[in-house]
Novice: 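Let me give you the structure first, and then I'll get to my questions.
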Number of protein chains: 2
Amino acid sequence: MTIQPQPQSIVAAQRARAPATCAKPGSNLPGLTLPFARNQEIYVADAPVSFIYRVVSGAVRTVSGLRDGRRQVAAFYLPGEVFGLEAGGTHHLSAEAVTETQLALTSRSVLEWTATRDHEAVAQMWSLATHALARTQDHLLVLGRMNAGERVASFLIDIAERSNSGDVVNLPMGRGDIADYLGLTIETISRTLHEFEERQLIALPNCRMVKLLDVAKLQSMDAERTRRGRG
Amino acid sequence: MTIQPQPQSIVAAQRARAPATCAKPGSNLPGLTLPFARNQEIYVADAPVSFIYRVVSGAVRTVSGLRDGRRQVAAFYLPGEVFGLEAGGTHHLSAEAVTETQLALTSRSVLEWTATRDHEAVAQMWSLATHALARTQDHLLVLGRMNAGERVASFLIDIAERSNSGDVVNLPMGRGDIADYLGLTIETISRTLHEFEERQLIALPNCRMVKLLDVAKLQSMDAERTRRGRG
DNA sequence: CGATAATTTGATTTTTCTCAAGACGCGTGG
DNA sequence: CCACGCGTCTTGAGAAAAATCAAATTATCG
């Protein structure tokens with residue numbers, strides 16, 4: 001849907017600077033960090049999996065799309081969160097930096113070596129993978145069965161919880177990314193936020209900052225989830 | 001969305017009949033199979049993970065939902081496919097038999113015991129988990145960005161490929177399940193199938209049987225995927 | 001063979017998208 | 001410091017897609 005400027009790939013350079021040996025075995029969160037510019041590609045779909053990544057600062061989106069330009073953002077990753085694990089031998093999605101971003105890299109080979117001897121590390125990786133799946137499954141319910149208001153409410157609550165900055169959320173991503181994450185258009189995102197503002201559910205000091213005024217009401221739109229198949 | 005009759009839970013009975021010891025270690029596809037009736041619950045969300053399951057015959061759906069009755073089918077599982085692995089300690093979704101179904105069970109404890117000594121088994125489980133994630137991510141694109149025709153086309157092609165019965169697909173699930181899988185209503189499913197029939201893309205001998213007449217055209221609606229973030 | 005559930009079909013309404021302007025913000029350079 | 005330009009966001013009006021409501025038809029099962 002949203003077309004953005006083409007970022008130059010520096011994956012090759014990244015690899016050159018981050019050989020497998022520089023991540024310390026036994027430490028699953030190595031010290032090496034790399035900077036990425038806004039909209040810069042971190043990896044492309046179908047590329048072999050070479051690293052897993054932890055967001056140090058900034059934000060990352062994983063993306064798939066159709067050839068006609070329609071885009072789907074599968075997930076956002078905020079500081080402290082790990083991504084890139086959600087693949088077999090090759091990446092299934094692309095990953096891009098949403099803003100200026102610092103990423104901590106761990107090479108896959110080190111990780112695999114660790115996994116052969118450290119059951120704790122295996123359990124951690126398994127946990128990461130299953131959480132990623134659970135999150136994606138929740139996202140299905142949002143995209144398949146929620147209306148615009150419910151989608152935006154669930155998004156705001158999710159981001160607020162994960163950025164643990166209280167009720168004030170600083171959105172790293174623009175309206176286009178939110179739209180492509182929620183399966184809506186930028187206009188609908190804008191209108192829905194404006195409607196929430198009028199209903200005193202949120203305040204919008206500026207377009208990248210949201211203050212949640214009535215979390216309970218926002219949650220009641222979203223969180224009426226049930227795990228049962230039939231209500 | 002679709003409300004169906006409440007099935008009685010026989011999870012307790014199932015457990016009693018399938019103690020951890022009856023699955024053979026070293027064999028990841030044990031001989032024990034259990035029958036499930038149409039719409040019968042296999043496991044509930046938030047229940048501890050006790051088994052993984054392979055579909056011997058029939059079909060299974062995994063489901064989440066909202067309290068007001070809206071339902072989202074996350075996935076269907078056809079004969080030969082494995083499910084129930086996509087969880088940490090507890091299930092995130094419910095699983096239900098779509099039709100009369102035979103399931104082969106492997107107890108989780110046996111699986112974990114195997115995993116501590118058999119790296120091949122670990123790799124297999126990892127592969128299952130990452131494929132489940134990749135499938136779910138593809139589903140996001142369907143629900144977030146495709147129109148009704150594209151959704152139905154992608155569904156038909158997917159089921160046809162997985163049931164490898166040539167161009168003739170026998171749908172184990174009703175319109176309601178398809179609707180809840182594709183984020184549409186039963187009426188839209190029905191109308192879209194009828195439109196496909198008129199356009200000679202499919203034949204509908206009866207409502208549970210679809211013959212794909214123009215797979216290429218169906219695929220061109222669906223498969224124009226690109227893994228790149230921007231077209 | 002009849003009752004009940006599932007599917008199809010039609011008419012109408014609602015939601016969201018699309019298209020089109022306009023406003024705002026932000027960085028750059030004069 | 002302010003004007004300019006560009007990208008992003010907002011706002012509005014109309015169009016399109018799918019949902020909803022309602023009824024008829026067909027399948028399924030005892």
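Note that this is a predicted model, so its numbers are computed, not measured. Naming: A, B, ... by sequence-line order, numbering from 1 per chain. All heavy atoms count here, side chains included; hydrogens, waters and symmetry mates do not.
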Novice: Please give, in whole Å, the distance from D/dT11 P to A/R175 CZ?
Specialist: 10 Å
Novice: Between P on C/dA6 and CG on B/D180, what's the gap in Å once rounded to a whole number?
Specialist: 13 Å
Novice: Rounding to a whole Å, what distance do you find between B/H194:NE2 and D/dT25:P?
Specialist: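 Distance, rounded to whole Å: 15 Å.
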Novice: Would you kindly give the CD1-to-C1' distance between B/I186 and D/dT26, to the nearest whole Å?
Specialist: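 Roughly 14 Å, once rounded to whole Å.
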Novice: Where do N or O atoms of nucleotides 12-18 of chain D meet protein N or O atoms at under 3.5 Å, pair by pair?
Specialist:
residue : atom : partner : partner atom : Å
D/dG12  : N7   : A/R191  : NH1          : 2.8
D/dG12  : O6   : A/R191  : NH2          : 3.4
D/dA18  : OP1  : B/A148  : N            : 2.6

Novice: Side-chain donor-acceptor pair under 3.5 Å between B/D138 and A/H92, yes or no?
Specialist: yes
Novice: Can you check the B/I189 CD1 to C/dT9 P distance for me, whole Å?
Specialist: 14 Å
Novice: Roughly how far, to the nearest 0.5 Å, is the OG1 atom of A/T99 from the CZ atom of A/R38?
Specialist: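 Reported to 0.5 Å precision, the distance equals 9.0 Å.
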Novice: Do any side-chain nitrogens or oxygens of A/R38 fall under 4.0 Å of OP1 or OP2 in D/dT8?
Specialist: yes
Novice: Angle between ring planes, B/Y181 versus B/F76, binned at 30° and 60°: parallel, tilted or perpendicular?
Specialist: tilted
Novice: Phosphate oxygens OP1/OP2 of D/dA27: is one of them under 4.0 Å from a side-chain N or O of B/R208?
Specialist: no
Novice: Testing the basics here: between A/P172 and A/L78, what is the closest heavy-atom pair and its distance to 0.1 Å?
Specialist: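 Shortest heavy-atom contact: CG-CD2, 4.2 Å.
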Novice: Please give, in whole Å, the distance from C/dT8 P to B/L204 CG?
Specialist: 7 Å
Novice: Just how far, in rounded Å, is P of D/dG7 from CG of A/D177?
Specialist: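 Between P of D/dG7 and CG of A/D177: 17 Å.
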Novice: Check whether the ring centres of B/Y43 and B/Y53 lie less than 6.0 Å apart, and answer yes or no.
Specialist: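 So the answer is yes for these two rings.
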Novice: In whole angstrom, what separates B/M209's CE from C/dT7's P?
Specialist: 15 Å
Novice: List for me each residue that meets salt bridge (charged side-chain N to carboxylate O under 4.0 Å, His left out) alongside B/E195, sequence neighbours excluded, and say none if there are none.
Specialist: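 Per chain and number, B/E195 pairs via salt bridge (charged side-chain N to carboxylate O under 4.0 Å, His left out) with B/R199.
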